Amino acid sequence: MKIKLWGVRGSLPTPMPGDCFADKIRKALTLARPGDISSEESIDAFIRSLPFSIRATYGGNTTAIQVVTGSGDLIIIDCGSGLRMLGHELVKGDFGKGKGIATVLISHTHWDHIQGIPFFAPLYIKGNRFNFYSAFPDLKKRLEYQQAYSHFPVSFDYLPAIKEFFTLESDEELHVNDTKIVNKLMPHPGAAYGFRIEDMGRVLVYTGDCEFNIDEIDHIENYRNFFSNADVVIFDTQYTFEESIDKLEFGHSSASIAIDIAGMFDAKRLILFHHEPNYNDEKLESVLFNAKTYLSMNAGRVKGMQVDIAYEGMEIQL
Ligand SMILES: [Zn+2]
Ligand SMILES: [Zn+2]
């Protein structure tokens, strides 16, 4: 399966402040030597050599993930503001002709997981079909409420694409051709559900929003089937460890607890996700650095697991 991350921020879309651009250019120029800017090639090589936080940005759009299965089926996981750019990409193909079909998995309806829907161009094209799956029997009502006239000028029902709603029982298996999808209730205020996607022998686990604190770790064996032997785990690690203690019951985890859990269940790769809106690119780079330090300190327990941090546009081939 092919995975692309279109939105990786948690809670609130977070555009980069204007003065950050000048700051990045200043830092890059400070590091440049005359040979680095002597030709197009040397400039490209120099840019590639810069730390990610200087040459790029992790991105400010909220959660939206595109999965294309081995059978070519499109699965969209969560519909935060990153969904808008995915929509622009999709309308270049079948969705632009009203012939697109997608399975949409909604972890929960906090704003950062549904706010891209009113701006998703394929929903405005007749003939496209979206099958919405969630554990919430009233999901359609919740999406209609988001687009009540007092909140948005176009109602959800007006959107001409076909929109079907299916309610998943907890732990229920859903099959899309040869792809198996299992949902799992996560510890999160108001309830959120993670999804485990198995396709062509590969496993993607998406936790959705989740707070694995000390109390929840006592019950971690309940999550073994959900996490076990994943090729990739995309984990809500909104807070640093220190902040997660200050913000108990805010509903989010830290990188260190994610490493503990993903490592415990033999994940091959962990992706830190759902970034805190108050963290800039430098801070997120330090989150990754600290996570890698924690990982190396626990190398005996986590058996060669790789840790990366999500950025907008990140692609993963499984
Ligand atoms: Zn969230
Ligand atoms: Zn949430």
Side-chain angles (χ1 to χ4, degrees), residues 3-15 58-67 75-86 104-120 132-139 141-143 145-146 151 168 170 183-197 204-213 215-216 223 226 233-240 243-244 246-255 257-258 261-262 270-280 283-284 287 309-312 314:
I3 302 156
K4 184 164 182 181
L5 309 183
W6 292 87
V8 302
R9 190 69 61 167
S11 303
L12 186 73
T14 313
Y58 290 97
N61 279 302
T62 54
T63 54
I65 300 173
Q66 175 189 22
V67 177
I75 299 171
I76 297 169
I77 311 174
D78 278 342
C79 298
S81 67
L83 190 71
R84 185 178 67 90
M85 293 304 292
L86 170 58
V104 184
L105 307 174
I106 300 288
S107 66
H108 65 314
T109 53
H110 284 163
W111 283 336
D112 50 324
H113 299 259
I114 58 168
Q115 65 199 162
I117 288 175
F119 303 93
F120 187 48
F132 286 86
Y133 289 87
S134 82
F136 303 96
D138 61 344
L139 178 65
K141 265 203 182 115
R142 295 185 187 199
L143 298 184
Y145 181 55
Q146 174 175 236
H151 296 6
L168 296 166
S170 205
N183 71 85
K184 180 78 182 167
L185 177 62
M186 291 285 130
H188 189 65
Y193 290 78
F195 296 103
R196 176 186 173 94
I197 300 180
L204 165 67
V205 170
Y206 167 69
T207 65
D209 289 9
C210 61
E211 179 174 355
F212 283 96
N213 53 33
D215 291 342
E216 204 57 39
Y223 298 88
F226 179 70
V233 178
I234 299 174
F235 209 120
D236 168 8
T237 56
Q238 178 152 340
Y239 300 137
T240 60
E243 203 170 2
S244 71
D246 286 345
K247 294 189 171 174
L248 269 183
E249 298 183 8
F250 276 47
H252 305 288
S253 301
S254 65
I257 207 110
I261 295 170
L270 171 68
I271 311 277
L272 311 179
F273 186 78
H274 201 276
H275 307 321
E276 160 64 36
N278 290 324
Y279 292 176
N280 63 16
K283 174 73 177 181
L284 289 172
V287 166
I309 190 163
Y311 58 87
E312 228 166 80
M314 186 181 204

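As the structure lists them, so they are numbered: ligands from 1, and atoms in each ligand from 1. Note that the structure is a prediction, hence the values are computed from the model and not measured. What you see below is based on every heavy atom in this structure, not just the backbone, and it leaves out hydrogens, waters and symmetry mates.
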Can you tell me if, anywhere in [X], an N/O/S atom lies at a distance from the Zn ion (ligand 2) that is smaller than 2.8 Å?
X	value
H252	no
D112	no
H113	no

Could you tell me the separation between the CG atom of L143 and the CD1 atom of I114, rounded to the nearest 0.5 Å? 5.5 Å

Check: G194 main-chain N/O paired with N183 side-chain donor or acceptor under 3.5 Å: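 Absent.
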
min-distance N/O/S atom, D209 vs the Zn ion (ligand 1), resolves to OD2

I65: which of D78, I75, I234 passes side-chain contact (heavy atoms from CB on, under 4.5 Å): I234

Name the orientation class of the two ring planes belonging to F195 and Y206 (parallel below 30°, tilted from 30 to 60°, perpendicular beyond 60°).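 The rings of F195 and Y206 lie parallel, inter-plane angle below 30°.
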
Among T63, T207, D112, find the residue that satisfies the side-chain hydrogen bond (donor to acceptor under 3.5 Å, both in side chains) test when tested with H274. D112

N/O/S of H274 less than 2.8 Å from the Zn ion (ligand 1)?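 It does: H274 brings an N, O or S atom closer than 2.8 Å to the Zn ion (ligand 1).
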
If you check every N/O/S atom of H110, which is the one nearest the Zn ion (ligand 2)? ND1

